Number of protein chains: 2
Amino acid sequence: MTKRTMLHDATEETRDQSQPADRALLSADTGTLGKAIALVELVCCADQPLRFSDILRLTDQPRGSLHRQLKHLVLEGLLDLSPDGTYAAGLRLLNFASRAWAQNSARKVAEPHLRRLQDLTGETVHFGALRGADIIYLDKLESRQTVRMHSQVGNASPVYCTGIGKAALSTLEDARVQQMVRTLQFFPFTPKTILDPETLLAEIRAIRTQGFAYDREEHQPGICCVAAPICAVSRGFVGGVSVTAPAFRAQEAQLRDWARPVLSAAARIEADLAVALAPR
Amino acid sequence: MTKRTMLHDATEETRDQSQPADRALLSADTGTLGKAIALVELVCCADQPLRFSDILRLTDQPRGSLHRQLKHLVLEGLLDLSPDGTYAAGLRLLNFASRAWAQNSARKVAEPHLRRLQDLTGETVHFGALRGADIIYLDKLESRQTVRMHSQVGNASPVYCTGIGKAALSTLEDARVQQMVRTLQFFPFTPKTILDPETLLAEIRAIRTQGFAYDREEHQPGICCVAAPICAVSRGFVGGVSVTAPAFRAQEAQLRDWARPVLSAAARIEADLAVALAPR
DNA sequence: AAACATAGTTCCAAATAGTGGAACAGGATC
DNA sequence: GATCCTGTTCCACTATTTGGAACTATGTTT
């Protein structure tokens, strides 16, 4: 998902003036690091293994530079170079991520509450955080345990078509929402996906008053959810919870019934978080 | 685990005198990237949130430089800076990793066979790959589904005290094993952990002849496993499978009985892998 | 078998991007 | 209000990255 969402997200500052015009337009300058990470992203996102010259073509950099950069990335374990000359994501990334996951304080605090919510509803429960214009899932408790868990953890989905995403937007200051919505690229994942800023903004206003968000098959056909945002004191939105179910099991009445437990789970997490974040 | 394995690999060097002698010995020079990744590692591995000056102390770099580096890492999403001034691993890492995981061809090929092995034995099945002197777990199928899966995926454990690790060593050329064993730092995770090169080398020789490896409470007290290596044509060790169980359920006879299904799972994965890797 | 592509690697002068000392700006604490 | 401790910005110096070109290795065509 969100194949294109992730490209330049960070800053953006028009260093306009005159000379170094177009480069500065889209992305903040993180120098060497930025270029290296862009390569990692390229390799990670590719849907087939890339060889040196594939990457050369995709980036059009001078060969010497590209070669050195890739060598560095391989040495650092961020990329793997197979003997057949194809590059793949390195195992060190997995290792970093497992630490990142284990460390994430909002997730840790939320965990027991997610479990409880799962017990209560018997459906799949998600926990996700906001990164740029995507929701990244940090946790997933399946209703039936046959499906693989990690298949979702770490995945990114756009804000505008997920319950947690819209819940997240509803907690942000208006200015930031405006700015974000303006730069969104809407993609019709399903016939029900919201495709224009106006509809989205209207929905966000509704979510602000009711306190939770629905996703009625807007991202995946046949999948609905109810989601609530979680905010921490002086830190704003730190994550969202949702209960997800196939549409036939999640009709209007049912979805509405789930809203209360979802909201109270979110509230409890907020409360625990306030305690967890207090020390130091 | 392996808390100390990763520390300075990139940075650190006494630039004092004149010759750049000793520096080159321990780590390849990946320049700016290496320093940046070392910071990510530092933040990821810390067991408590680090603030700017914590990192400053731990790295003793000039403040200006450190500050810029951290800023870049945050801009790239590899680190997160909370409003309270503490750094944490960034969500982008999770996102990269989920792609790395989904992409990994050995894992994809192995998956159905792991499932079968799990059905057959009723115990936990692992799939792991080699990175440096650690085994990184790519997959874990629990016997009982109550325990969380991702709690293990991406985790690193040393080669010398895990079944998959020792199985991996048994497939490497002697020279490489020697070199690796010589630089290993043995740590007594349990009373049964192998602690010296000689014992390890002897065990590896045994594993070479029998084709599979045991771990009898060498990493975690009360936990045993049987593991077999998986090799691909011209690519050597690409991963290992293991069946893991609590010691009381995994007595000698039982462990020995599991060896056959583990070996045949490994063989089947190797066969499938040969097909999967053939095209292109 | 020689000539020709194609893919990957190494080299080095030139310029850019990172370095690190020092000065600056809040916030606590005394 | 002075002092400490934290985090941020600035800028001359220099080390690192750059990118063109030359080189090697492998496989393909004439």
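Residue numbers start from 1 in every chain, and the chains themselves are labelled A, B, ... in the order their sequence lines are given, proteins ahead of strands. In this text the structure is predicted, and so the values were computed from the model without any measurement.
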Close side-chain approach of B:Ile37 and B:Thr30, heavy atoms under 4.5 Å: no
Polar pair under 3.5 Å, donor/acceptor by atom type, side chain A:Arg63, base D:dG20: no
Exam field: side chain B:Glu270 to backbone B:Cys231, donor-acceptor pair closer than 3.5 Å: yes
Presence of B:Lys35 side-chain N/O under 4.0 Å of D:dT16 phosphate oxygens OP1/OP2: no
Phosphate OP1/OP2 of C:dG18 contacted by A:Thr32 side-chain N/O (<4.0 Å): yes
Proximity to the side chain of A:His67 - top-ranked nucleotide from D:dT18, C:dT9, D:dT8: C:dT9
Euclidean distance, atom CZ of residue A:Phe52 to atom P of D:dT26 [Å, nearest integer]: 17 Å
Any side-chain heavy-atom pair of A:Asn155 and A:Ile136 under 4.5 Å: no
For atom CG of A:Leu81 and atom C1' of C:dA7, their distance in whole Å: 13 Å
Nearest-angstrom distance from the residue atom CG of B:Leu75 to C1' of C:dA17: 16 Å
Any B:Gln69 side-chain N or O less than 4.0 Å from OP1/OP2 of C:dT19: yes
Rounded distance (Å) that lies between atom P of D:dC5 and atom CG of B:Leu56: 14 Å
Integer-rounded Å distance: D:dT8 P and B:Ile55 CD1: 11 Å
Any N/O donor-acceptor pair, B:Ser65 side-chain to C:dG18 base, under 3.5 Å: no
5′-ward residue of the pair A:Leu33/A:Gly85 relative to DNA chain C: A:Gly85
Between D:dA15 (P) and A:Arg68 (CZ): distance, integer Å: 17 Å
For B:Asp139 against B:Trp101, the heavy-atom pair lying closest together: OD2-CZ2, 3.8 Å
Side chain of B:His72 - closest among D:dT18, D:dG19, C:dG18: C:dG18
Rounded interatomic separation in angstrom, taking CG from B:Leu66 and C1' from D:dC10: 17 Å
Separation of atom CD in A:Gln61 from atom P in D:dT17, rounded to whole Å: 13 Å
Nearest non-hydrogen partners of B:Val177 and B:Leu201, listed with the distance: CG1-CD2, 3.8 Å
Contact under 4.0 Å: A:Ser53 side-chain N or O vs C:dG8 OP1/OP2: yes
